[in-house]
Amino acid sequence: MYVLLRCALLTYALCAVSNGLKTSAAVEHIIFFMIDDYGFADASYKAELYNGTNPPPTPNIDTLAKAGVRLESYYVNKLCSPTRTAFLSGRYAYTIGMDNGVIVDGQNIDLPLNIKTIADHLKGAGWRTSAYGKWDAGMTAWGSTPTCRGFDNFHGFYSAASDYYTHMVGGGFDYHNDTAVDDSVKNTYTTHAVTAAVQQWIRLQVSQHGAGMKSFAYVAHEAVHGPLEVPVSYIDDECRRRIPDDFPSRLIYCGMVRAVDESVGNITQTYKELGIWNNTLVILSADNGGNVGDGGNNYPLRGNKATTWEGGVRGLGFVYGAGLAAAVQGTVNHEIFHVTDWLPTLVVGAAGVALGEEGRPCPTCTRAVAPLDGVNQWPMLHRGVLPSARTEVLLDLDATACWAQAASCVVPGTSALRMGRWKLIHGHPAVWQKPNESAATCTPRSGAAKNAAQPTAVPVITAATSTPWCPNGWVPPPRVPGAYEFPQPPPDAGADCVVGKPCTLPDNSPLLVGTTMLFDVVADPFEHNDVARSNPTVVAQLLARLREFNASHCAGAPCLPVVSDGPRGTPTRGNWLPWRGDPNPAVCDTNVSSSPTPETGLHSSLQINKFSSLAPPSLPVVGWCWDGHWSSGGVSAMTVQILVDDTLIVQQRANVSRAGLPAKTGAPNTEHGFAYTLTGKAATALAGAGLHRLNVKVFTTEGSTGPDAASVDVTHSPVCYRSGVLQEHC
């Protein structure tokens, strides 16, 4: 197998290469790129480190990585939400109950709401903060969303994945500018929309606050996660020279990587033009291993996304720019580093901000604030201080799950731990794995047929042209015809599993029923040799450490996600939005256990007035209404009706200024208020003898006031008058 490591073998040392950076400057700006499902081997600089790779061209990423510190023993989680919540919180995904799942399509799950995020800490110290792209850390209540979790601004979507052009997912539209639904991005490729938003935001910050302000941009690209979509121009030439046409998924994936690389180049160029580049620190991180079925590649590492093999949890990552001393610029670092380390490393180390109180108010939270799992690695990154501040990393911990058939579950759970040079896998190495299913197979083609990406000039992905698949083995990347290597099945796959032929693991395979494996990932980073039998003392030590983790978190019980009561969310008028707690985004309500809010999400108020003392009688009817679930996040003016004794008197738009409502991009505090003065017969009737009712309704069906249109009473409506005197009860 063609898997030699080109740089020095994995030791606890820095492998120096040439670099052109100047002496480090103070860190005043941080850009954190999170690239979704990005394969370990899918940046072109990896070809200089490992044989057998065939990465997409990434000139902008390469320039930064090769002049910074390349982190080659950098660990993330095996899935999206676990890594993102671990990064934001500085806690192991296991600690916060996020270890084995992905938050999709209105699930009642959030990053624990009593934990401060990395953005909370920086914002508290005066930094300008913003988030872009994929959130995937919960959206049950507004208090779960980015602008209520430390980010001044947000431009992206809440779910796990969406169409790159329509921005639809799970039957709803999911794209937001701060808290407003942003349908202006329809038909705009997500990577392009995110890039433009970052550029616009940093220009605005410098314009408004000067170059001396400090900023943190969390740029969480949806790419290169499926669905496989990219403008065909990114596939032509460079990708087609590297990848044969009969691997269209890898071709499209290559184009998606090129679009991300272009984004990195365009964003960093904007920082240069603004004169703040020399004080900018850049981090780029994968969120998990590449998804081989969608064209990603982790070779020569074993496994892929959703597994605890190195190909699932060892991520592509590097750091570049301000704060890095000359001695570390242009180095390759093989020290253990984990995604949870970024919070203390960036907040305390790079920004010089004390963490202080780590919790935030959450009246309905029942768990205590979990202790920080991340460690401050800034001395190593800043000055090259060795060894790493981290000697172990918890990669996975679920002590109970059986992904194989229950009757054949020998070793339950999905647990993995690295301690020094040793890595233990205990239980099942792959998530969602069952006998006779795709995750248990090893085949030259995955058998998965998918639609072509836009535009249709990209070849259709069929079962005959799908990507190779072998999640428990090794999958070399597709190459030009004649140079392609078939997937390598795992050693215990059975006699029927031979290179070049499809096979299914036997039902009693240890990889399906659970087992305990040990690897020396310093000498054997590609996990070829299970040495558990020859090192029983080491196995016992690591198993004991796993038990300590399990006993020290969640009172010894498995740390499960905090799940809100009641039904999961559904799109509201076609849009994905929070569905619990106070519907006003500005309140940032964390009360996810409260009853689901009405579908309208309406906030409104009627100012209750008295009749004027002048004759003839007149009554001012003044108020406001705003619905965050409406198009443009409630910016559009709503239709209001005023009725006296159930008779329609006037219908108008709530289109006058209403101070105090949440500011809306493009329409600051306008189009929300209504004001009308009742005179004539209506006022005379209300002021006359007997009991009379004044009612104000707002229509919650946009663009319609017909008999079937939905409407609700404005808050404080109806009100009643008896002989012109306002009554306490109606």
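What you are looking at is a predicted structure, and each value in this text was computed from that prediction instead of being measured.
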Step by step, work out the side-chain hydrogen bond (donor to acceptor under 3.5 Å, both in side chains) result for T83 and N288. CA-CA 7 Å; T83 290; N288 44 245; 5.4 Å; no
Evaluate the salt bridge (Lys or Arg N to Asp or Glu O under 4.0 Å) criterion for residues D62 and R70: first the C-alpha distance (whole Å), next the side-chain angles of each, then the deciding distance (0.1 Å), finally the verdict. CA-CA 10 Å; D62 289 0; R70 284 170 275 179; over 6 Å; no
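We find that E238 and R242 are joined by a salt bridge, their nearest charged nitrogen and carboxylate oxygen being less than 4.0 Å apart. Under 4.0 Å is where a charged nitrogen must lie from a carboxylate oxygen, and between D36 and K305 no such pair does.
Note: Y189 and Y164 have parallel aromatic rings, judged against thresholds of 30 and 60 degrees for the angle between ring planes. Between W342 and F337, the angle of the ring planes lies from 30° to 60°, which puts this pair in the tilted group. Using bins of under 30°, 30° to 60° and over 60° for the plane-to-plane angle, the ring pair F87/Y218 lands in the tilted bin. Note: Y234 and H192 have tilted aromatic rings, judged against thresholds of 30 and 60 degrees for the angle between ring planes.
The heavy-atom pair separating G90 from L343 by the smallest distance is N-CD1, 3.9 Å.
With sequence neighbours left out, R390 forms a side chain to side chain donor-acceptor pair (under 3.5 Å) with Y92, T340, D341. S388 pairs by the side chain to side chain donor-acceptor pair (under 3.5 Å) definition with Q377, not counting sequence neighbours. In terms of the salt bridge (charged side-chain N to carboxylate O under 4.0 Å, His left out) criterion, residue partners of R91 (sequence neighbours excluded) are, by chain and number, E358.
Checking each of K423, R302, R418 against E310 for a salt bridge (Lys or Arg N to Asp or Glu O under 4.0 Å) leaves exactly one that passes, namely K423. The side chain to side chain donor-acceptor pair (under 3.5 Å) test with T140 is passed by exactly one of D110, N108, T145, T590: D110.
For the residue pair S162/H167, the side-chain donor-acceptor check at 3.5 Å is not satisfied.
Residues T345 and M380 form no side-chain contact, since every pair of their non-hydrogen atoms from C-beta on lies 4.5 Å or further apart. Residues F151 and F216 have side chains in contact (heavy-atom distance under 4.5 Å, counting atoms from C-beta outward). At a threshold of 4.5 Å between non-hydrogen side-chain atoms, the residues V475 and C442 do not count as touching.
Side-chain rings of Y158 and H176 approach one another, their centers coming within less than 6.0 Å. Between H338 and Y74, a ring centre-to-centre spacing not shorter than 6.0 Å is recorded.
Crowding of Q269 atom CD: a count of heavy atoms from other residues, nucleotides or ligands under 6.0 Å exceeding 12.
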